Amino acid sequence: MDRTFLRGIGVAAAATFALTLTACGSGGGGGGGGSESGGDLVLGVIPVTDIGPAYMAQQNGVFDDAGLNVTLQQTSSSPEIIQAMQSGQVQVGYGGTTSVFQAVQSGIDLVVIAAASATPDDPANGINDLLVTSDSPLESAKDLEGKKVAINGPGGYTQLLSDLAVKGDGGDPSKVEYVQIGIPDQPAALESGAVDAFVAGEPFGTQGREENGFRTLANPFQFLSDEAVVAGVWYALRSEVEANPDYYANVADTIDTANQYALDNDDELRENIAEFTKIDPELAARIRLGSYGKLPLTSENLQALADWSYELDYIENEVDFESLIWEP
């Protein structure tokens with residue numbers, strides 16, 4: 001059982017979750033009430049660019065057209081989203097694949113219903129680089145041994161990427177000290193010296209490079225896979241999915257439609273990302289993005305992250321994709 005992940009769930013439970021989240025969207029909280037395939041839909045999200053397609057679909061009425069009254073409810077990590085899901089406040093959550101693997105192996109019965117994002121087609125185009133200050137004495141990922149690295153959640157996707165870069169550079173990931181800091185606060189933590197590096201999610205990677213002069217220490221994707229992989233997913237509780245299959249099939253189809261629209265409308269996507277993350281639209285036009293709508297939700301497209309999660313001891317058992325991936 002993954003105690004790190006369960007500890008994250010415990011921290012989320014200790015907080016008064018409903019009072020600390022910021023809701024963004026049409027309507028209030030929901031529980032899927034309505035017709036068999038429609039009704040209220042609360043998506044648990046974190047403030048990163050991967051949410052752009054869902055936000056754009058909300059603004060464009062894509063969810064409305066599907067009979068779904070959607071709210072995007074923001075938090076800082078997958079454990080918090082899952083805690084809200086278990087209490088009925090969220091129907092579907094966004095998260096990195098590693099966090100979902102861990103949750104399932106910790107006894108939380110989740111299924112993945114749709115792909116959220118994929119890594120870039122070219123691994124050299126890093127969207128989750130390890131960033132350091134311009135005057136940092138660190139020269140490569142191996143140098144992070146004994147140093148502090150900011151991550152948004154313990155033992156999750158961003159920590160896996162950091163460990164992957166350190167191991168790929170010949171270092172020992174267990175010697176890195178990880179510090180949990182909310183994604184928007186990580187650049188300031190690096191600049192103040194509270195941490196030595198952070199795994200940059202966009203738009204904070206581009207913003208940090210351009211406005212703070214941060215530089216790339218390592219690009220984990222160069223060690224992850226030679227090809228693009230599904231890195232972010234949308235998931236739900238198995239019990240809810242099996243009890244309401246038409247509803248969740250509709251949600252999955254609508255998310256796929258949102259991803260395809262994002263793929264076909266990059267400029268509009270970036271404008272919506274600027275609104276959702278509250279960054280300068282000119283910055284949003286320059287940020288590095290993964291791909292949306294290109295890779296289907298298949299075991300093959302999740303395999304690389306599953307293999308590394310297992311090899312780096314993030315999960316105790318190999319992933320059972322037949323059980324994890326839900327098909328209507």
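In what follows, residues are counted from 1 in the order of the sequence shown. The analysis underlying the following values was restricted to heavy atoms, covering all of them including side chains, and did not include hydrogens, waters or symmetry mates. Owing to the predicted nature of the structure, the values given are computational and were not obtained by experimental measurement.
T254 and A66 make their closest contact through OG1-CB, 3.3 Å (heavy atoms, listed as atom of the first residue, atom of the second, distance). Here the closest non-hydrogen pair linking S162 and Y178 is OG-OH, 2.9 Å. Across every non-hydrogen atom of M85 and V92, the tightest pair is CE-C, 3.7 Å. When every heavy atom of I183 is checked against every heavy atom of N152, the shortest pair comes out as CG1-CB, 3.5 Å. Contact detail for V230 and P296: the closest heavy-atom pair is CG2-O, 3.9 Å. Here the closest non-hydrogen pair linking G44 and W234 is O-CZ3, 4.2 Å.
Contact check for F276 versus Q74: side-chain heavy atoms found under the 4.5 Å cut-off. Side-chain atoms of T133 and F214, non-hydrogen and from C-beta on, do get closer than 4.5 Å to each other. Residues T49 and P203 meet the side-chain proximity criterion, which asks for heavy atoms closer than 4.5 Å. Using a 4.5 Å heavy-atom cutoff, the side chains of V195 and Q186 are not in contact. Between Q303 and S225 there is no side-chain heavy-atom pair separated by less than 4.5 Å. Residues L289 and L269 form a side-chain contact, since some pair of their non-hydrogen atoms from C-beta on lies under 4.5 Å apart. Side-chain contact between V251 and I255 is present, with at least one heavy-atom pair separated by less than 4.5 Å. Counting only heavy atoms from C-beta outward, the side chains of I127 and P120 approach each other to under 4.5 Å.
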Practice item. Under the side chain to side chain contact (heavy atoms under 4.5 Å, CB included) rule, what do V111 and Y248 come out as? Steps first, then yes or no, please. Key: CA-CA 11 Å; V111 291; Y248 282 95; over 6 Å; no
Exercise for review: Begin from the C-alpha positions of N60 and E268 and carry the test side chain to side chain donor-acceptor pair (under 3.5 Å) through to its verdict.
Suggested key: CA-CA 11 Å; N60 290 347; E268 185 180 349; 3.0 Å; yes
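Remark: the backbone N or O of P281 is not paired with any side-chain donor or acceptor of E271 at under 3.5 angstrom. Between the side chain of T119 and the main chain of V229, a donor-acceptor pair closer than 3.5 Å is present. Q105 places a side-chain N or O within 3.5 Å of a backbone atom of N317 that can act as its donor or acceptor partner. With hydrogens and angles ignored, the 3.5 Å screen pairs no side-chain donor or acceptor of D185 with any backbone N or O of I181. Side-chain N or O atoms of N259 include one that pairs as donor or acceptor with a backbone N or O of A115 at under 3.5 Å.
Residue I151 forms a side chain to side chain contact (heavy atoms under 4.5 Å, CB included) with just one option from V179, T158, L160, and that option is T158.
Between E202 and R209 there is a salt bridge, since at least one side-chain N of the basic residue sits less than 4.0 Å from a carboxylate O of the acidic one.
Distance check: Q73 CD to E80 CD gives 11.0 Å after rounding to the nearest 0.5 Å. With rounding to the nearest 0.5 angstrom, the CG atom of D196 is 6.0 Å from the CG atom of L138. Here the CD-OG1 distance, from Q260 to T257, works out to 8.5 Å after rounding to the nearest 0.5 Å.
The aromatic rings of F321 and F101 sit perpendicular to each other, their planes meeting at more than 60°, with 30° as the lower class boundary.
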